[in-house]
Amino acid sequence: MTTPRVEIDLGKITQNARCLVRRLGARGISVTGVTKAVSGHPDVAKAMLDGGIADLVDARINNIIRMREAGIHCPISMIRAPMWHDVENVIRCCHASYNTEVDTILKLGSAARQQGTEHDVILLVEMGDMRDGIMPEDLNEVASLVVATPGVTLKGIAANFACMGNVAPTAGDMAMLSRLADQVEGECGPYVALVSAGGSANLAWALGNGATGRINNLRLGEAILLGIDPVSGQSIDGLHTDAFALFAEVIEARLKPNSMSITSSAPNYGKLALVSTEDQLNRAVLAVGRQDTDASGLMLPSGIEYVGASSDHTVVDMGESDLSVGSEMKMGMNYSALMRAMSAPDVEKVVHRMLPVIGTVKDTRPQPLLKLI
Ligand SMILES: *Cc1c(COP(=O)(O)O)cnc(C)c1O
């Protein structure tokens, strides 16, 4: 194994998925697995499916093609509105796509007819995150157009929260999304089968006691992969937060001051020296940088502090720890660090297939391997 590398415990991802599927299932809410943070890594996608998730979404068609080529046949949808040059591939590889623009929906309809198939459309409604979405007052008109367009079928409506802003949705937002589903049905005819109320930022509401109304789906990435609620930054009760770890090699380790100034012992300029202006720090330089991950989103071992990073180096203050040159450091990653590490070509990805433990996640004893006798 080389460094930098990400090691992935697939069993923990399966357990997180299973736990969320069970808890949300009890509330009448299905879970769609979001694979964009792992670039559609097929083993991670399969680990989600092993946990009882029935369908996946990704924001990039290339990630979806990667999963299809790896033999994943479950329904997969595009959650980013398709670009026009991707429309043929979206029809070929995806059961459905999330959309906000009429012209794109018309293109999807004609590509679906050309390929002799039918494509499901989910309309994304703007509910305050101010990224992408149809304004609520325009929803009926767009929904009617989907219904009238051959080649596409209106499958549902969806909302986004805390993608751009960091504001969790309220019970009022959820009630409004439910009302919009009723309203689209009343005005346009067909049953709105899917009412998808956002991502991990909506878990606090979904796992609470409030009425769920028409809401019957969440699209979860961060909660399954990292066990974290993106709004609070806190870990979610009962979920693993350490399914992924990043390993990097120490390429320099020495005491250095925090900053220095150059002095010369004039008048003979032969001797230049760096003179410490502050206390010495026990620093290590890691061979991983901003090309590989979001260095500021790394969770370092206790007693070790992040100092800074450049494109190819990350500097840490080792404190009392003693990391020698050539040794490896293991780190946790936040969502941003994970996403970049999983898409970086120079970061090796190593999967571990622990046997998933059925039952509570507290029970994480190593599973005995079957012995042939
Ligand atoms: C990324 C994304 C999600 C998943 O978000 P998480 O916070 O990782 O659960 C859901 N919906 C859309 C449209 C997204 O882009």
Side-chain angles (χ1 to χ4, degrees), residues 13 16-17 19-21 23-24 29-41 44-45 47-48 51 53 55-61 63-64 75-83 90 94 96-101 104 121-134 155-169 173-174 177 194-207 215-236 239-241 243-244 294 297 333-343:
I13 293 165
N16 282 359
C19 179
L20 288 162
V21 165
R23 285 158 75 174
L24 289 166
I29 297 173
S30 67
V31 176
T32 295
V34 183
T35 51
K36 67 181 187 215
V38 294
S39 295
H41 195 295
V44 176
M48 290 183 176
I53 283 175
D55 70 311
L56 303 171
V57 292
D58 202 289
R60 291 172 192 245
I61 192 66
N63 293 345
I64 295 176
I76 307 183
S77 305
M78 272 289 283
I79 32 164
R80 185 171 70 185
M83 290 184 273
V90 169
C94 303
S97 56
Y98 288 67
N99 284 279
T100 65
E101 290 286 355
T104 304
V121 165
I122 298 144
L123 294 178
L124 187 61
V125 191
E126 176 58 65
M127 292 196 68
D129 190 47
M130 306 316 286
R131 194 180 67 183
D132 49 340
I134 300 164
K155 164 116 184 269
I157 63 171
N160 255 350
F161 297 94
C163 288
M164 286 268 288
N166 200 28
V167 183
D173 294 327
M174 294 298 101
L177 191 60
L194 181 80
V195 184
S196 183
S200 303
N202 209 357
L203 267 176
W205 169 83
L207 293 173
I215 311 300
N216 59 11
N217 177 260
L218 287 188
R219 311 173 303 272
L220 301 181
E222 184 161 0
I224 299 171
L225 300 169
L226 296 177
I228 296 288
D229 172 350
V231 178
S232 67
Q234 300 295 307
S235 57
I236 299 166
L239 300 187
H240 298 285
T241 56
F244 295 85
D294 178 353
M333 289 174 281
N334 72 6
Y335 189 81
S336 161
L338 173 70
M339 180 180 66
R340 280 173 48 187
M342 289 303 291
S343 60

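Counting convention: from 1, in listed order, for ligands and their atoms alike.
Of all protein heavy atoms, the one lying nearest to atom 9 (O) of ligand 1 is S200 OG, 2.5 Å. Remark: minimum distance from atom 8 (O) of ligand 1 to any protein heavy atom is reached at E222 N, 2.8 Å. Closest to atom 11 (N) of ligand 1 among all protein heavy atoms lies R219 NE, 3.0 Å. Protein heavy atom nearest atom 15 (O) of ligand 1, with residue, atom name and distance: K36 NZ, 2.6 Å.
The closest approach between a heavy atom of Y335 and any atom of ligand 1 is below 4.0 Å.
The part of N160 lying near ligand 1 is the side chain, judged by heavy-atom distances below 4.0 Å. With a heavy-atom cut-off of 4.0 Å, R131 touches ligand 1 through its side chain alone.
I228 is linked by a side-chain contact (heavy atoms from CB on, under 4.5 Å) to E222, L226, S235, T241, counting only residues two or more places apart in sequence or in another chain. Evaluation of the side chain to side chain donor-acceptor pair (under 3.5 Å) rule for N63 yields D58 as partners, not counting sequence neighbours.
Taking every heavy atom of G221 and a limit of under 4.0 angstrom, the matching atoms of ligand 1 come to 6 (P), 8 (O), 9 (O). Near L220, the atoms of ligand 1 lying under 4.0 angstrom from a non-hydrogen atom of the residue are 9 (O).
Shortest non-hydrogen contact noted between A59 and I79 is N-CG1, 3.9 Å. Contact detail for M339 and S343: the closest heavy-atom pair is O-OG, 3.1 Å.
Atom CD1 of I53 is separated from atom OG of S30 by 9.5 Å, given to the nearest 0.5 angstrom. Note: R219 CZ to S200 OG = 10.0 Å, rounded to the nearest 0.5 Å.
The side-chain heavy atoms of S77 and Y98, taken from C-beta on, include a pair separated by under 4.5 Å.
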